[in-house]
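Below: one structure, written as structure tokens.
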There are 2 protein chains.
Amino acid sequence: MNSKPISATISDVAAHAGVSIATVSRVLNGTTPVQAEKAERVKRAVAELNFVPRPAARTLASRKTNTIGLVFSEIRGAFFPHLLKGIESQLHEAGYELLVYSTHSDRPIKRKPIGEHNTDGLLVFTTSLDKEEIARLYQINFPIILMHETPPAGMDIPVITVENKDGAVMLVDHLITHGRRRIVFLRGPDGHEDSQWRERGYREALAAHDIPFDETLVSSGEFDQETAYQSLKKLIHNGVDFDAVFAGDDDAAIGVYRALKEANRLIPDDVAVVGFDDVDFAGYISPPLTTVRAPIEEVGREAVRQLLSLLNGEQAQSLVLKRTELVIRESCGCLKHS
Amino acid sequence: MNSKPISATISDVAAHAGVSIATVSRVLNGTTPVQAEKAERVKRAVAELNFVPRPAARTLASRKTNTIGLVFSEIRGAFFPHLLKGIESQLHEAGYELLVYSTHSDRPIKRKPIGEHNTDGLLVFTTSLDKEEIARLYQINFPIILMHETPPAGMDIPVITVENKDGAVMLVDHLITHGRRRIVFLRGPDGHEDSQWRERGYREALAAHDIPFDETLVSSGEFDQETAYQSLKKLIHNGVDFDAVFAGDDDAAIGVYRALKEANRLIPDDVAVVGFDDVDFAGYISPPLTTVRAPIEEVGREAVRQLLSLLNGEQAQSLVLKRTELVIRESCGCLKHS
DNA sequence: ATATACTTTGAAAACGCTTTCAGAAAGCGT
DNA sequence: ACGCTTTCTGAAAGCGTTTTCAAAGTATAT
């Protein structure tokens, strides 16, 4: 009967190998050269006792958690698995752990759930952390990377995002080039950077073709299927005249499709529809959705890379913009129906 | 100039409040009654110093990590965000942290990445952890919940999954009832429980209608769009005769749609198609997909609930089967085309 | 008033590592 | 052979909590 309730500790290994715990630590971490023969004994002991160092003890002693945190506001959205995959793979490759946190607005935040005590650095997606908390972390010089959100004024926090404005310009320009004039734009959630840039692109493309901006064509889509559906329904009900819809993102485009079909308006004959993101299903809805491809998995990977730079004391790039790419399918009407 | 480099510790709080660190710990955790006035002083000190206990120190002293691990093999799949959301919300509500790990087969597992040293319990999705590791954890009585996978023989590990077989029966029965006889089945990844149960349902439904099982109608779909596409293409190329396809899951159904369209076979007129899961886009592809709704977010929540029971020393239910529900749309051909 | 039983508290010992410090051993030049 | 470096190595001091233990203070019972 084993008296030791829990698994081996560094002392067990040390005893078993006939060395001090300091030496064990050294061969484990390779911090200091150790006599070959002793190192061998230690390794054997580690294997035999099936020793795994407790991260908690390590963290306490070294003041490094070896963990980074991912914070986001809402898991919704078809792009999420790609983002997570990019982050996860890149991060674990570098030997870090991933702590995941979603900041529902409805959840009462008792004790600070994630921060310096928890992690060595943070990956923050859109507006999931409030300005004050970001400011606080910035003050104490805590490594942060923002994804799809620019930092509050005066703070030099690295950002990684996609060419939202360019993408929107491509989309809207394409629509206009093919004869559309009254283009609805469905905004994303309030304060969402992606949406703001996309709107800017929308306006620029309009301006470039001397089409005046019309406030009545802009409504709320929230990057959400249901909201987009409701908004478009209301526009139709109000008799607003339009011949195209830039849905804000692909999820919202789904809602647009639904509203249009209910109103018996043909896509793209009566109304052209375009989305943003190029999520998995975009090419398979009917008609296939013209959209802009956002390299979201790459955003995740890049964010991790930059964060790792910060953790290694190197400088991070203050802004990385991933290129977007127009994906023309059938919903914009410029390809023949199949 | 502050000499203290890092934030306050329990000693600072104790000094500030004029009590011992033991007392501070007690009011923080409510483990032992503390004189009201002193407790008040401690709380004030905590607030003033902005004290947050270091989890590492807590873990080391209490031998509880207060975090649970989620292990899965592949983030792919439209259902993933729902699963994660269910887990995340339920877990954080209970005050636990979430450590996320994906076990790519290609990643060389150096040191055990996740286990007793890391977490208080594990949520394991499908075959992401190999039998030996599960066995080892089971031996040492480590809390585990399996999702969508039954435990190795002889181990009484709680499982939570959905009514895969019933769902498949409903689907195939529906197809047969509406006149389909030669129904292709696309298997999921090798050894995937969900797929095995769905196949069993497929066979039972066939048998119930005295239709002999035909091996040539079964192929590999891998729950993956591309694989399904290739498999179906090959079936068509080989001249296999069929009037319906049970794609295994919705992602595979997408691939089936593509192959069918390329071959100019009409859905559902020439071939009926059904999926499984009812992911977000299922109702919006063309034609809308008939499928079975799997309450995946609820699976996540339930898994957490069961794990928490285990952690509280209570008994967990050894099998929870979430009900599935047939969702009839247009791809099965029993509704009129819109 | 005295003995007994709770309550509340602080000192100090873990928890399992990393890291500093200084000493021992080994290498080297002359 | 004798100092002087250069390598290795172990003892011990943390890291920041929780928890045990016993003491001190209070209340209750007789």
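All chains are named by letter (A, B, ...) in the order of the sequence lines, taking the proteins before the strands, and each is independently numbered beginning at 1.
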Can you tell me the distance, in whole Å, between the CG atom of B/D12 and the P atom of D/dG16? 9 Å
Given atom CD of A/E116 and atom P of D/dG16, what is their separation to the nearest angstrom? 13 Å
Within a 6.0 Å radius of atom CG on A/N312, are there more than 12 heavy atoms belonging to other residues, nucleotides or ligands? yes
Phosphate oxygens OP1/OP2 of C/dT8: is one of them under 4.0 Å from a side-chain N or O of B/K38? no
Where the side chain of B/V19 is concerned, which of C/dG10, D/dT9, C/dG16 is the nearest nucleotide? C/dG10
Expressed as a whole number of angstroms, how long is the span from A/L49:CG to C/dG16:C1'? 15 Å
Pairing partner (Watson-Crick or G-U wobble, both distances under 3.5 angstrom) of C/dT7: D/dA24
Determine whether A/H192 and A/Q196 satisfy the following criterion, side chain to side chain donor-acceptor pair (under 3.5 Å), listing intermediate values before the conclusion. CA-CA 6 Å; A/H192 199 298; A/Q196 292 169 0; over 6 Å; no
Where the side chain of B/P33 is defined as all heavy atoms beyond and including C-beta, which of D/dT18, C/dT18, C/dT8 is the nearest nucleotide? C/dT8
Within the 3.5 Å criterion, strictly below it, is a donor on A/T161 or A/E193 matched to an acceptor on the partner's side chain? no
Strictly under 6.0 Å, is that where the ring centroids of B/Y101 and B/F72 end up? no
With a 4.0 Å cut-off on heavy atoms, is A/T23 in touch with a base, just the backbone sugar-phosphate, or nothing at all? sugar-phosphate
Between D/dT9, C/dA11, D/dT18, which nucleotide gets closest to the side-chain atoms of B/N29? D/dT18
Heavy atoms only, 4.0 Å cut-off, all strands: where does A/T59 land among base, sugar-phosphate and nothing? nothing
Taken to the nearest whole Å, CG/B/N118 to P/C/dC17 is 13 Å
Calculate the interatomic distance between A/K64 atom NZ and C/dT19 atom P; express it in whole Å. 10 Å
From CZ of B/R54 over to C1' of C/dC17, roughly how many Å is that when rounded to an integer? 17 Å
Among D/dT19, D/dG14, D/dT9, the one nearest any side-chain atom of A/A61 is D/dG14
Under 4.0 angstrom, heavy atoms only, what part of the nucleic acid is B/T32 near: base, sugar-phosphate, or nothing? base
Residue B/R58, side-chain heavy atoms: nucleotide from C/dG10, D/dT9, D/dT17 that is nearest: D/dT17
Suppose the criterion is salt bridge (charged side-chain N to carboxylate O under 4.0 Å, His left out): which pairs have a residue in residues 135-154 of chain B, not counting sequence neighbours? B/E116-B/R136, B/K131-B/E149, B/E133-B/R136
Please state how far atom CD1 in A/I10 lies from atom C1' in C/dT19, giving the value in whole angstrom units. 11 Å
B/Q35 vs C/dT9: side-chain N/O to OP1/OP2 distance below 4.0 Å: yes
Starting the side chain at C-beta, find the nucleotide from C/dT20, C/dG16, C/dG10 nearest to A/R26. C/dT20
Phosphate OP1/OP2 of D/dG10 contacted by A/S20 side-chain N/O (<4.0 Å): yes
As its Watson-Crick or G-U partner within any shown strand, both distances under 3.5 Å, C/dT30 has D/dA1
Quickly work out the B/L60 CG to C/dA13 C1' distance and round it to whole Å. 13 Å
Does any N or O donor sit under 3.5 Å from an N or O acceptor when you compare the side chain of A/R63 with the base of D/dG16? no
Proximal nucleotide (of D/dT18, D/dA12, C/dG10) relative to the B/S62 side chain: D/dT18
Nearest to the B/I21 side chain among D/dG16, D/dT17, C/dC17, which nucleotide is it? D/dT17
Under 3.5 Å: donor-acceptor pair, side chain of B/D120, backbone of B/N66: yes
